[in-house]
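Heads up: the structure comes next, in structure tokens.
Letters go in sequence order (proteins before strands), and every chain restarts at 1.
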Amino acid sequence: MSVELDVFVVNTTIMDEEVYQLWLDGYTVNDAVKVRMEGGVLEGCEASAEVLHSDTMDQYRTFQMCERLLHSPVKLANQLLFQIPPHRQVMLIERYYAFDSVFVREVLGKKLSKGTKKDLDDVSAKTGVTLKSCRRQFDNFKRVFKVVEELKGPLVENIRQHFLLSDKLARDYAAIVFFANNRFETGKKKLHYLTFQDFAFCAGQLISNWTVGALGDYNMVEDMDVDLEKEFLQDLKELKILITDRDLLDQHKSLVCTALRGKTKAFNEMEANFKNLSRGLVNIAAKLTNTKEVRDFFIDLVEKFIEPCRSDKWTAGDMRLYLTHYTNSAHVLDTFKHQVVWDRYMGVIKSCILKMYHD
Amino acid sequence: MPGKLKAKIVAGRHLPVMDRASDLTDAFVEVKFGNTTFKTDVFPKSLNPQWNSEWFKFEVDDEDLQDEPLQITVLDHDTYSANDAIGKVYIDIDPLLSCEAATVISGWLPIYDTIHGIRGEINVLVKVDLFNDLNRFRQSSCGVKFFCTTSIPRCYRVALVHGFVEELVVNEDPEYQWIDRIRTPRASNEARQRLISLMSGELQRKIGLKVLEMGGNAVVGYLQCFDLEGESGLVVRAIGTACTLDKLSPGTAPNTTTHTNTHTLPNTAPTSNACNSPSKDSKEPVFSEDPPHSLSGPPTPLRTLPSSSPPPFSPSKPCSRQSSSSDTDLSLTPRIGKTSPASSPSPPLSAPFLIPTQKLTVLFILLSQFIEFPIFTLTCFPPGFLVHVGGVVSTRSVKLLDRIHNPVLGNTRSYKLLDWNSVAADEPETRDAWWEEIRQEIKSHAKALGCHAVVGYSESTSICEEVCILSASGTAAMLNPRFMREGCLDTGGSDHRFEDASPPSCGFVHIPYDEFNMPFPAQLTYCYHCRRQKVPDVLFTTIDLPAEAEVTGKGCLIQARLCRTKKKAQGEVNATSISNLLPFMEYELHTQLMNKLKLRSMNALFGLRIQISVGENMLLGLASATGVYLSALPAPGGIQIAGKTPSDLSYDQHISTMQKRIDDTIAKNKELYNIHPPECIEEVVGSPIPDRQRSSRLFRSTSESSDELSELDLSHGKKDAFVLEIDDTDAVEDIQSLLTDAPIPAGFYSCNTEVMPGIHNWTSGLQMFTSVRVYRLSNANLTNQGLNKIFTDLCENLLKSLYFKLRSMIPCCLCHLNFTVAVPEEELIQVRGHTYLSTPLLLWSGENEEQLQFSMELCGESTISNNQPTAKPSAPSVDYGSFADRCSTWLELLRLKAHTIRRGSVKTSRRTQLLAHSGIANQQPVSLPCGAPVTVVKMTPLSFLPGTRIVKYLGIINMFFIRETTSLREEGGVSGFLHSFIAEVFAMVRAHVAALGGNALVSYSMKECVFMENPNKNQAQCLINVSGDAVIFIRESDQEAIPPLLTSRQTSSTGADGTT
């Protein structure tokens, strides 16, 4: 005797969140049954593994049928096939679009292309995330990317509206889209210590300060939040004077050192390294007009600034102190005329470095 | 006379991509009714087209309006090739034809394709302008209301019950027409869907005509079935109960508020069905005949004993009965009175009650004058309707399906129904004759039980190849004729003669037959409630537990399952072997039921449904019922096990351990179901036939098996103990299976009736589900025992599975748990058998335990004689001693009613608050930013939704869908295919209910679910038929709530009347 067909359909769709998670995580039905058994779901019920298997199958089928709708979450609200209470819908969407930080770290900044998708089995092997789950997450990224690519208006808001995601998740997706679009290099060994949240924070900073949309002038240009503002990048070249003009450099150094003296144990190292560090930061700025250099933005930050500081054992406090004075002192320089660009640049750099300055 | 049908196509959404190149669709719509077709413009390149068409107007006969569905086809325009169909929507116009139902159909309806399933949605508007037709010879019956509900619909009062209506139409099955060989599967499926839609329309119209002839205006308990007879055609048949219903005016609606809770409180029930005259706001239940008399006539001694009339009333209510319409009713009385002197309003002082025989004859004359078949499809009745219940009557008949005629083969003229009376008179006649024969037999069984009517009647078929088993079953009963006759309803005087002077809570169990001339061996005792009348020891019925019945403890689902192998055979031989097997199956199912009932220490079965399905090499029997302990019936005896040959010691020991296990189980069950009947002196009335016989209430058409149990001398145990004899392995198996029924997990209750006996606090958190399973039996040479075991396991597993899935909702109750078994056809030489279980059922999620306790305490004193320590000493139902004095009992009872009503209202308010609370959570509109929120539509097989009030019936939903696939594997195999199909059917039903303006479907049932597959060809096909009543319900809001601590009479009466 074998079960040929086994179906259970409810009017108001019942979903077990635990099974949903197992499904999202790419477990097969048999594995999911095993996990559930170990989780003790059968305790207190006089049910056999068979019952559990049938229940898991039913739920998996439901999820599979829902998946099509989840691809365009707006449809989920006005589709008629499943009667799902609103709060459940929110849960379904949020969980479906959630991603593993280990996974996202692997594809962050990569082109969301077929080629990348082909390599997902390597990613899966490396991260321990099942291939099925990897594919779902990758497809989610790609789907969001494709949709917002063609839309005008603020990026986060677009994502939130089209995918009905929470603010937090929408921001994360904005970061992923931003990284994918600008192809920032994140995979170098030196960047391995950085988490997705570090990058997401930086992306948020860049989006809200360095893009066209950042000016607050919402004339609804395509990609206004995705591309860095060309004019601004051009202006950044002017900052070079801070390192090319010897007087200015010395003046800047003395101003910073005066302010820092006695306030930190790492003062000597700061003083000794000032010129190097300043050159590093200003050079990064000057090179950003080149798309290739943009990709190396984070690796440059780490190599030119974070690593030297770390080897000098600066504390996070030291870093904050240094960057604050470094930024502010430039305002006092008489011959330095690019205060606005400087602030716009250093504001982002400062918060990014502070976020990225950890072990 | 014509009517004007108007349709407007507004928009579409989520359409599928039909043009691969552009990923878009150029959609347009064809609107077809009868032979007229309109088209919208093409809306180019969009998946969300906005047609906003003009109003398409169809001027048609109202006959066509009833028969034909409005057919909407969405197509993709293609310049170079033929236009591709996206899908169709069939809209049943019928709900728009009754002025009391829906007025417009408007909303998003899924576009359905039989191959691809749902493909987007379309927004339509449909209206009907109907001109009244007063032609006597008309063929249409617009305006007759149809209800699937097998009780009087909630916002109506019944003025008259006319009786049984039936109709049957036959046509060729398009699937078997020659043209099917050349057309596409899609065309064939659509032809079938359309034909069945037409046939059901025609059937409904014809039944409507019969109802109009009888003078009624509604059909209640409408049950429509399809017989897919294959080669020999397609039969659509329907039965129902014709009634005259009056709509309750909105002002009286609060009455129904109380009503929705009343099933839990027997004594308040009358308020519910009772109803006010249509135009007046009077709060007086029409069924309570006493008030008018206390107004109009001098109080007679009898009047002071109001409890002699079954419909209890609230004495605290003011008598505000001056409605003119009831006066007119009253004026009709004399006319009827003449036709039958027995019912004339003579002074009812002559005797407090008539002896059964007299009563029987009188009633019989009355009824037979009016109703050809005194058969009722209702399972729930207005209080006082049911006088006595005899027992289950059932008939089965095995027929061979023959293709009698071969008319117009290949006639495809738009599938217009053939006029069968002229073209092929044979077939419907044959089918009609078959059913007529069966109904006559049922009637004669009922007569043998001393009853004049059959209630809770249903018919079914099981077809395998050319063999067809026709089954009918019902409950023999004595009815109160005043519901059947014009005017009688409102005249108080005439019917007192037919009442027992017994309280309503036990009257219906009193035997209707002559105790000295019993139709079958039974053990009679005096009623444990009134001590005046004889009652049987066990009672089996197909109806729901009457609201006024007094129950001890809780009820539970009882199932008997049976499997019998048979040889494969053809034609006559096959039919004979099946009909030879049937009586044995019935007998065994019955024995199983009886054993299980005793094991649970219960004495009555309600909602009994025995299904026998035929397959090629086996017969399956499945009997489900809800067992209860009726306080009025004697306590069931235990089960005794006896060995036939008490030879050696180990054998005796074996028996005694078995006996012990059984005794333990009984004791455990008593605890579980809270059955603690009050101990009282046993006074067994000697029945003329020796005891110890199996006392069966099941009256079989084949009666050869009545006394097969050999007599045994039982020196030990109670006199009426039930004996199980172990003489062979069969018996051991039986006992094993008896004991292996898995106990229900804690927190679950289940029953197959509308309400769970013994549980009174429902929440509105309900969930309806359908589960289908198909098993393949691997071994061809299975024995009966082996099959039985497998079959039992299947059923148990299904139940276990349900309990597991719903574990998060406990405490909850599975109501209307309905199992259907089938043995689908087999391909080629098969060595396997399929078992097919479909269970549309429903779940009520209960409140938590604490509240359960709370509520039990509230109504415990009146309805359940439970063992609660808080039971008040004044509770008359427990104190049987006080029944010595009848007058005082009545007074006691009266007081009790007042109590109950008051408490009922308290309970209502209490629950209302809880509901209101939960309502906030549930009724939150879809907060997602895009798209209009989809109306939440509840579906339930029950006729009501707890905690809510049905304010309007919008019409019957009766839909038939076919789904076929040629890519079974790609759709997730058979399970995936069926899962999505059932989900789609639900979605379409919900959408149609919502388009009618409703928010729930009550009395939902999935009558047909035929599944066929051919995995080798990667194909599968499934047919589903669902039906129900679309309704609008509203939650009982906070405003209606009364503070729970009301005690004064004043407030209690307002509470009972309903709070506005």
Do the side chains of [Y] and [X] get nearer than 4.5 Å, heavy atoms only?
X: B/Ser801; Y: A/Glu50; answer: no
X: B/His14; Y: A/Asn78; answer: yes
X: A/Arg61; Y: B/Ser975; answer: yes
X: A/Val10; Y: B/Lys805; answer: no
X: A/Val9; Y: B/Phe986; answer: yes

For atom [atom1] of [X], is the number of surrounding heavy atoms from other residues, nucleotides or ligands below 6.0 Å larger than 12?
X: A/Arg143; atom1: CZ; answer: yes
X: A/Lys34; atom1: NZ; answer: no
X: A/Arg183; atom1: CZ; answer: yes
X: A/Phe196; atom1: CZ; answer: yes

Where do [X] and [Y] come nearest, in terms of heavy atoms and distance?
X: A/Val51; Y: B/Phe804; value: CG1-CB, 3.6 Å
X: A/Leu80; Y: B/Ala987; value: O-CB, 3.1 Å
X: A/Asn11; Y: B/Arg990; value: OD1-NH1, 2.8 Å

[X] side, atom [atom1]; [Y] side, atom [atom2] - distance, nearest 0.5 Å:
X: B/Thr770; Y: A/Phe8; atom1: OG1; atom2: CZ; result: 9.0 Å
X: A/Gln79; Y: B/Glu121; atom1: CD; atom2: CD; result: 8.0 Å
X: A/Ser48; Y: B/Asn797; atom1: OG; atom2: CG; result: 6.0 Å

Sort A/Asp58 into side chain, backbone, both or neither according to what part of it lies under 4.5 angstrom from a heavy atom of chain B. both

Can you say whether [X] sits under 4.5 Å from chain A via the side chain, the backbone, both, or neither, judging by heavy atoms?
X: B/Glu984; value: both
X: B/Ala991; value: side chain
X: B/Val989; value: neither

Step by step, would you call B/His979 with A/Thr62 a side chain to side chain contact (heavy atoms under 4.5 Å, CB included)? CA-CA 8 Å; B/His979 193 139; A/Thr62 312; 3.5 Å; yes

